[in-house]
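What's counted below: heavy atoms across the whole structure, side chains too, no hydrogens, waters or symmetry copies.
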Amino acid sequence: MDDSIKRQIPGPLIPESFYPVDRLEKYMHLGRTRMFPKGSIVLSQGKESNALMYVQSGCLAVSMGADDGHNKFLFHIGARSIGMATFLSEYHELQIYAVKNTTICFFTVEQVLEIFHEDEQVILDILQNILTKVYYFMAQARDLNFCRPSSRVFRLLYNLCIREGKYTGDHYVIHSNLTQKAIGEITGTHYVTVCKLFNILEKQGILKKTKDKIYVYELEKLKNMINEVIEY
DNA sequence: TCATTAATTTTCT
DNA sequence: AGAAAATTAATGA
């Protein structure tokens, strides 16, 4: 068995660890470093913030509130990545909290400009980080428009397998500790639906998910499932 | 075809 | 043991 069926998918498949900007590491003395314990709020909705956040270690989650109290998960900011709420205007509807114990270095606009002056490559790295996010959410907008939830879940699994699945004789192993809930948040489908979809895949012997691994036994079948209409 | 709610069971820490 | 995650069933859009 070879990997000829594999096809590289550009950009991140799951909204975390977007393009790292670890060049900021050597300018941390300019900013203000702070520790956030797991579960604490880094930025509450509506609160003014005009700093650039560099996550040195740990992980943050960014979400956006809705009128009806719902809260849409957007993406994670992992180690060596960055986040910005409002560089330009003061109001926003984002909320950021620490998923793990996290150390963040905050840079003011002035400090960022100072770094830009000294190190132009940082500008490109930050642009790359933002553009990667933009592209991800453009693809997301497309999928939400044109694909059914079952297709979005199946395609995520298929792409994950192509991207990082290890072929081991007769099946693929994906090392991933995504929960069903997380897959639901990423794909915009209800976690109960995700559960049902996994049951269908497992019953057909296509795939099996454990806590930290996903075993793909029939990659081609999984690919075909993307376009099938599922009966629940 | 799916979201939603609620009620249980299973798995993690 | 308590929290989080997963499952199952029922209802409705």
Practice task
Give a yes or no on whether R23(A) atom CZ has more than 12 heavy-atom contacts from other residues, nucleotides or ligands under 6.0 Å away.
Solution key: yes
Handout entry: Nearest atoms (heavy-atom pairs only) where V194(A) meets G184(A)
Key = CG2-CA, 3.7 Å
Problem - Mutual orientation of the aromatic rings belonging to F137(A) and F18(A) [parallel < 30°, tilted 30-60°, perpendicular > 60°] - result: tilted
Practice task
Take the angle between the ring planes of Y217(A) and H171(A) and call it parallel below 30°, perpendicular above 60°, tilted in between.
Solution key: tilted
Exercise for the section: Look at T193(A) and dA3(B) and indicate whether a side-chain polar atom (N or O) is within less than 4.0 Å of OP1 or OP2. Expected result: yes
Problem - Presence of H190(A) side-chain N/O under 4.0 Å of dC2(B) phosphate oxygens OP1/OP2 - result: no
Completion exercise
Whole-Å distance, I183(A) CD1 to dC2(B) C1', equals 17 Å
Handout entry: N/O donor-acceptor pair under 3.5 Å between K72(A) side chain and E185(A) backbone
Key = yes
Can you give me the N/O atom pairs linking the protein to nucleotides 3-9 of chain C at distances under 3.5 Å, or say none if there are none?
{"from": "dA6(C)", "atom 1": "OP1", "to": "Q180(A)", "atom 2": "N", "distance (Å)": "3.3"}
{"from": "dA6(C)", "atom 1": "OP2", "to": "Q180(A)", "atom 2": "N", "distance (Å)": "3.0"}
{"from": "dA6(C)", "atom 1": "OP2", "to": "K181(A)", "atom 2": "N", "distance (Å)": "3.4"}
{"from": "dT7(C)", "atom 1": "OP2", "to": "Q180(A)", "atom 2": "OE1", "distance (Å)": "3.2"}
{"from": "dT7(C)", "atom 1": "OP2", "to": "Q180(A)", "atom 2": "NE2", "distance (Å)": "2.5"}
{"from": "dT8(C)", "atom 1": "OP2", "to": "N199(A)", "atom 2": "ND2", "distance (Å)": "3.3"}

Practice task
To the nearest Å, give me how far apart CD1 (I230(A)) and C1' (dC2(B)) are.
Solution key: 12 Å
Fill in the blank from the handout: When rounded to the nearest 0.5 Å, the distance separating CD1 of I82(A) from CG of L60(A) is 12.0 Å
